[in-house]
Amino acid sequence: MVSDVKDVRNEWVVQITGKVQARPEGTVNANLPTGGIEMVECQLTVLNAAESPPFPIDARADDVDEGVRLKFRYLDIRRERMQKNLRIRAKVNSAIRGAMEVQNFVEVETPFLMPSTPEGAREFLVPSRKEPGSFYALPQSPQLWKQLLMVAGIDRYYQIARCLRDEDLRADRQYEFMQLDAEMSFVTKDDVLAAISQAVVAAAEAALGQTPPPIEQITWHDAMNRFGSDKPDLRFGMELIELTDVFAATEFKAFATAKSIKGLRVDAATYPEAAASGRSKLDAFTDRAKQMGAKGLVWIKVGDDLALDSPVAKFLSDTERAALLQQMQAKSGDLLLLVADEWSTSCEVLGHLRNDIGRPPVHEGPYRYVWVIDFPLFVGINATTGKPQPGHHPFCQPHPDDIERLETDPMSVRALAYDLVLNGWELGSGSIRIHDPEMQRRVFRQLGISDEDADRRFGFFLQPFKYGAPPHGGFAFGTDRLVAILAGEENIREVIAFPKTQSGSDPMTNAPTPVDPAQLNELGIRLLPPPAKS
RNA sequence: GGUCCCGUGGUGAAGUUGGAGUUCACGCCGCCCUGUCAAGGCGGAGGUCGCGGGUUCGAGUCCCGUCGGGACCGCCA
């Protein structure tokens, strides 16, 4: 080394010129990308010295407190893991664009500043300087705009759009997230699924170098009934088992009054630890079940000779015991979990327990994409109005086979609405939209929205449809989630360059921060005193 | 809004029935050595145990509160 530089340390920025040559025998390091070569006759210039970083810039930092990693995100991103993730992200974005372009979709950018539309997710508001007291909202999604683009004759629109929702953050939710947003005119549901599938497959291919098999489909009802979730993770079995008939004549009160009884068999061979759960773990399962809305959880341990060990065993007849074991194909050592409730509650509760117990880590197992189709048009009854609530949003086209029941049996009506699910993560959803004003009125009526209400709340949206709106439908899926799964990450923060913490702050910039009173003055905003703490 | 978990030198951890800021690894600083590449040897510095209060003769340890981080429920039409 020819240089007057005294030493060089980690993270210093240096420029080295010299001769590259093969390493002498015995000094080759196969573990390094550059392990076969070395530089000699070097001239080294220190371009910038560096303080020692707060954590090692390598895989060891995976264990460092995430708050510290976020505070020094620019160092965290130097690490191979983050470099890899951000590069996968770029490839996915690029592949999606390519797939949409090939299909003749037109990329259109839509506004960030728009009117507040309080339906749906809580919005971020932006005060107007020119009209103090008035506010813009940041888009929860470009839904409004893309449907207007259909009216406007952009018959295949797409955008990789940033969406903002002021709702509590999770491992798979950030305030800001990216969606492939698309809308098409003159299409069927299958046309939309095909177009989006092409983009997803292209993205997966770009990220992983292998083409996933064609995306399978499952109806919403089957997904709920078999997996207890509208976003089923198909990487593992443990399907819910129908037990309502088994206990049709039972004297056990909790079962006798229930509309639906479902069971989950925790197989001792596959999940020995969970199947052998002790009292505290069983209590935790029960708490979880209650948290999810069940009145309780019945656990039954299957002992040697298929004897049943359970607090409720004494209430079950021999016939019921035999039928239960038969129906659940239970073996010694298994743990059986039963929920008796409304069908949807039984399914959902056991679906959560199924995930808690059986779900493999994100980076494990195959990639199981699935279209969940035929979502119900309405889900649940609004406690205040006593009217059905939209399952997705009030603009979904009802399933043509069910339209005749819209007034007579609304809760049984399916929608032309669909979700895309990957390994138990909801990637996104879409629907065929209502383009016929009369149909829209019928749906609104079911929701308890009068024509006047509709005009007042959605007029700016519905008015354009009077000028010749083509039949249309679309979809949007979250690319952060897709990239996270393809990168094997449990958390979308790992695939976002500068994410927020769960409380919505940024440890690096300290956002959100108070602002200068002068700024508030200009916006005509006065702050309330902070809420009193008792 | 709620439930649960975590917080100990720069980083990661251990810390026993409550008994001196004790320990380990990495990093950092200095010296030595060196065909090394997450090197090796010797020495050294570095901590308000998140913060506040309480119990106690005595608190990293127990209790209450609070702040920060995380997982989840609600929420996300």
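Residue numbers start from 1 in every chain, and the chains themselves are labelled A, B, ... in the order their sequence lines are given, proteins ahead of strands.
- Remark: side-chain polar atoms of A:Arg481 are paired, donor with acceptor, to backbone N or O of A:Asp172 under 3.5 angstrom.
- Remark: A:Asp233 pairs with A:Arg235, A:Arg359 by the salt bridge (charged side-chain N to carboxylate O under 4.0 Å, His left out) rule, at least two apart or across chains.
- Backbone-only contact: A:Arg493 has heavy atoms under 4.0 Å from sugar-phosphate atoms and none from a base.
- Closest to the A:Arg288 side chain, of the nucleotides B:G69, B:C73, B:U36, is B:C73.
- Listed for the A:Lys387 side chain is no donor-acceptor partner under 3.5 Å among the backbone atoms of A:Ile381.
- Taking the side chain of A:Pro24 as heavy atoms from C-beta on, and the options B:C76, B:C29, B:G35, the nearest nucleotide is B:G35.
- Residue-level contact check: A:Glu38 touches the bases, meaning some heavy atom is under 4.0 Å from a base atom.
- Side-chain contact check for A:Asp480 and A:Gln174: no donor-acceptor pair (N or O, by modelled atom type) lies under 3.5 Å.
- For B:G9, there is no paired base (Watson-Crick or G-U wobble, both distances below 3.5 Å).
- For the pair A:Asp166 CG and B:C76 C1', the computed distance is 11 Å after rounding to whole Å.
- Both distances falling under 3.5 Å, in either a Watson-Crick or a G-U wobble arrangement, place B:G40 opposite B:C32.
- The separation of B:C6 from B:A13, taken at their C1' atoms, amounts to 13 Å, rounded to a whole angstrom.
- Both distances falling under 3.5 Å, in either a Watson-Crick or a G-U wobble arrangement, place B:C4 opposite B:G70.
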For this session: Start with the C-alpha gap between A:Gln147 and A:Glu183, add the side-chain angles, then the distance that decides, and say whether side chain to side chain donor-acceptor pair (under 3.5 Å) holds.
Result: CA-CA 7 Å; A:Gln147 290 195 242; A:Glu183 196 77 7; 4.8 Å; no
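- Looking at which nucleotide of RNA chain B each of A:Gln502 and A:Asn29 is closest to, the 5′-most match is held by A:Asn29.
- A:Asn491 comes within 4.0 angstrom of sugar-phosphate atoms only, judged by non-hydrogen atoms across all strands, and of no base.
- Between A:Phe458 and A:Phe395, the distance from one ring center to the other falls under 6.0 angstrom.
- The phosphate of B:C72 has neither OP1 nor OP2 within less than 4.0 Å of any side-chain N or O from A:Gln291.
- In this structure, A:Arg165 atom CZ and B:G74 atom P are separated by 16 Å, rounded to whole Å.
- When Watson-Crick and G-U wobble pairs are counted only if both distances are under 3.5 Å, B:G27 pairs with no nucleotide at all.
- Side-chain N/O atoms of A:Ser505 include one lying less than 4.0 angstrom from OP1 or OP2 on B:G69.
- OP1 or OP2 of B:G27 has not a single side-chain nitrogen or oxygen of A:Ser52 nearer than 4.0 Å.
- Nearest to the side chain of A:Arg60, among B:G10, B:A38, B:G74, sits B:A38.
- Spacing between B:U11 and B:C67 at atom P, rounded to whole Å, works out to 23 Å.
- With both ends at atom C1', the span from B:U56 to B:C64 equals 16 Å, rounded to whole Å.
- For A:Arg69, no side-chain nitrogen or oxygen approaches OP1 or OP2 of B:G69 to under 4.0 Å.
- Backbone-only contact: A:Asp65 has heavy atoms under 4.0 Å from sugar-phosphate atoms and none from a base.
- For B:G21 and B:G9, the C1' atoms lie 10 Å apart once the distance is rounded to whole Å.
- Of the possible polar contacts, one joining the A:Ser141 side chain to the A:Gln143 backbone as a donor-acceptor pair under 3.5 Å is found.
- Base pairing of B:G18 is not made with any nucleotide, judged by Watson-Crick or G-U wobble geometry with both donor-acceptor distances under 3.5 Å.
- Taking the C1' atom of each, B:G53 and B:A45 are spaced 34 Å apart, rounded to whole Å.
- Contact annotation for A:Asp63: backbone-only contact, meaning every heavy-atom pair under 4.0 Å involves sugar-phosphate atoms and none involves a base.
- Look at A:Arg170 and you'll find a side-chain N or O under 4.0 angstrom from OP1 or OP2 of B:C73.
- Mapping A:Lys500 and A:Gly120 onto RNA chain B via the closest heavy atom, the residue that lands nearer the 5' end is A:Lys500.
- Residue-level contact check: A:Arg173 touches the bases, meaning some heavy atom is under 4.0 Å from a base atom.
- B:G18 and B:U61 have their C1' atoms separated by 6 Å, given to the nearest Å.
- When heavy atoms are screened at a 4.0 angstrom cut-off, A:Pro56 is found touching no nucleic acid atom at all.
- Nucleic acid contact for A:Ala61: none, since no nucleic acid atom lies under 4.0 Å from a heavy atom of the residue.
- The side chain of A:Arg9 lies closest to B:C29, out of B:C29, B:C76, B:G1.
- Nucleotides B:G27 and B:G44, compared at atom C1', are 14 Å apart to the nearest Å.
- Across the C1' atoms, B:G74 and B:C28 are found 47 Å apart, a figure rounded to whole Å.
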